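A quick write-up on the structure given underneath.
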Amino acid sequence: MARQHARTLWYDRPRYVFMEFCVEDSTDVRVLLEDHHIVFSCKNADGVEMYNEIEFYAKVNSKDSQDKRSGRSITCFVRKWKEKVAWPRLTKEDIKPVWLSVDFDNWRDWEGDEEVELAQVEHYAELLQKVSTKRPPPAMDDLDDDSDSAEATSS
């Protein structure tokens, strides 16, 4: 069976590099993170195997990194070995694969932004937790669909 690359978005922050592997309804997700590279694999909703291998621009701290899965993607928070050093690209080689793009919605000049970054990481993790936690639907028993009672109270 042929493998395909998952579309991958990335952006840089002072302490972390963020990668989002865009695969909806993924199964058999595997993320192997080492200090110089990452291997990502899963199956998409159609059962097609997705596979990405990235040699990082610089060394990372694989032990202080994490990944979160949602229904639409798998996001990796990869801790940089050298903090506060901007990465001009994600990959070691100066060649951009067609499946890899900068996440311009989250990219920004971050000098002096460490506290904001930490708050965003925590907020994003909380949002992912809320999304993955299913709640029962709201009760609708307080809705009155009897139009006669509405007319009686307005007279």
Side-chain angles (χ1 to χ4, degrees), residues 1-140:
M1 182 177 238
R3 296 193 291 194
Q4 296 180 9
H5 293 289
R7 186 171 85 94
T8 307
L9 301 173
W10 81 282
Y11 62 98
D12 185 35
R13 288 292 189 269
R15 291 189 174 124
Y16 291 88
V17 172
F18 295 81
M19 290 175 292
E20 181 178 14
F21 297 97
C22 304
V23 182
E24 288 192 36
D25 301 324
S26 58
T27 58
D28 300 333
V29 175
R30 290 185 198 88
V31 178
L32 173 64
L33 180 63
E34 295 181 353
D35 289 348
H36 294 283
H37 77 282
I38 188 169
V39 176
F40 167 80
S41 66
C42 72
K43 289 185 180 173
N44 68 9
D46 297 326
V48 175
E49 186 178 352
M50 310 302 281
Y51 181 87
N52 297 56
E53 189 166 353
I54 300 169
E55 190 81 21
F56 290 126
Y57 172 77
K59 186 177 180 181
V60 300
N61 184 344
S62 59
K63 298 195 181 5
D64 193 20
S65 300
Q66 57 183 317
D67 56 89
K68 299 283 182 189
R69 182 176 164 200
S70 72
R72 295 181 171 262
S73 64
I74 296 84
T75 302
C76 298
F77 310 82
V78 180
R79 183 77 180 248
K80 292 179 178 179
W81 193 261
K82 291 184 180 177
E83 296 180 1
K84 302 179 186 177
V85 175
W87 285 20
R89 61 185 180 275
L90 181 63
T91 59
K92 182 177 182 177
E93 293 187 27
D94 195 8
I95 298 169
K96 186 183 113 21
V98 295
W99 47 266
L100 181 63
S101 302
V102 171
D103 184 349
F104 286 107
D105 290 339
N106 288 303
W107 190 274
R108 70 171 190 274
D109 186 17
W110 47 255
E111 288 194 38
D113 250 0
E114 294 85 13
E115 297 82 18
V116 172
E117 177 204 6
L118 185 57
Q120 285 180 332
V121 169
E122 291 171 357
H123 178 71
Y124 188 68
E126 287 174 18
L127 284 176
L128 285 174
Q129 189 65 33
K130 287 179 185 175
V131 168
S132 63
T133 305
K134 298 261 185 205
R135 294 192 183 113
M140 304 282 238

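Everything quoted here is computed from the prediction, not taken from an experiment.
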key: With E93 via salt bridge (charged side-chain N to carboxylate O under 4.0 Å, His left out) - residues at least two apart   = none
request  = Please tell me if the side chains of L9 and M19 come closer than 4.5 Å, counting only heavy atoms from C-beta onward.
outcome  = no
remark   = Here the pair of heavy atoms bringing F40 nearest to A6 is CE2-CB, 4.0 Å
key: Non-hydrogen side-chain atoms of D25 and N44 separated by less than 4.5 Å   = no
task = Can you sort out the partners of S73 under side-chain hydrogen bond (donor to acceptor under 3.5 Å, both in side chains), two or more places apart, ordered by chain and number?
result = E20
inquiry  = I'd like to check T8 versus S101 (side-chain heavy atoms, cut-off strictly below 4.5 Å). Are they in contact?
reply    = no
remark   = CG of D46 to CD of Q4, rounded to nearest 0.5 Å, is 9.0 Å
Minimum-distance pair of heavy atoms, taken over all atoms of D12 and W87 = OD2-N, 2.9 Å
task = Of all the heavy-atom pairs spanning C76 and V31, show the shortest one and how long it is.
result = SG-CG1, 4.1 Å
ask   = Taking only residues two or more places apart in sequence, or in another chain, which ones meet Y11 in a side chain to side chain contact (heavy atoms under 4.5 Å, CB included)?
value = R13, F18, D103, N106, W107
request  = Nearest 0.5 Å please: distance from the CG atom of D28 over to the CE atom of M50.
outcome  = 13.5 Å
key: Those residues that, when tested against T75, pass side-chain hydrogen bond (donor to acceptor under 3.5 Å, both in side chains) (two or more places apart)   = Y124
ask   = Does a salt bridge link R15 with E83, judged by any charged N lying under 4.0 Å from a carboxylate O?
value = yes
task = Mind checking the CH2-CG spacing from W10 to L90? Nearest 0.5 Å is all I need.
result = 5.5 Å
request  = For S41, check side chain to side chain contact (heavy atoms under 4.5 Å, CB included) against everything at least two apart and list the hits.
outcome  = R30, Y51
note = Residue set satisfying ring-ring contact (aromatic ring centres under 6.0 Å, His included) with H37, at least two apart, ordered chain then number -> none
key: Greater than 12 external heavy atoms within 6.0 Å of K82's NZ   = no
query = Who passes ring-ring contact (aromatic ring centres under 6.0 Å, His included) against W81, sequence neighbours left out?
reply = none
query = Nearest heavy-atom pair of P97 and I95: which atoms, and what distance?
reply = CD-O, 3.3 Å
ask   = Can you find a pair of side-chain heavy atoms, one from F77 and one from K68, that are under 4.5 Å apart?
value = yes
Audit row: V23, C42, side chain to side chain contact (heavy atoms under 4.5 Å, CB included) steps and yes/no = CA-CA 8 Å; V23 182; C42 72; 3.8 Å; yes
Where K80 and V17 come nearest, the two heavy atoms and their spacing = CE-CG2, 3.7 Å
task = Could you give me the CA-CA distance, side-chain angles and deciding distance for D94 and R89, then say whether side chain to side chain contact (heavy atoms under 4.5 Å, CB included) is met?
result = CA-CA 8 Å; D94 195 8; R89 61 185 180 275; 3.7 Å; yes
Just distance, no hydrogens or angles: give the donor-acceptor pairs under 3.5 Å from side chains in residues 54-64, sequence neighbours left out.
from, atom 1, to, atom 2, distance (Å)
N61, OD1, K63, N, 3.2
N61, OD1, D64, N, 3.3
S62, OG, D35, OD1, 2.8
D64, OD2, R79, NH1, 2.7

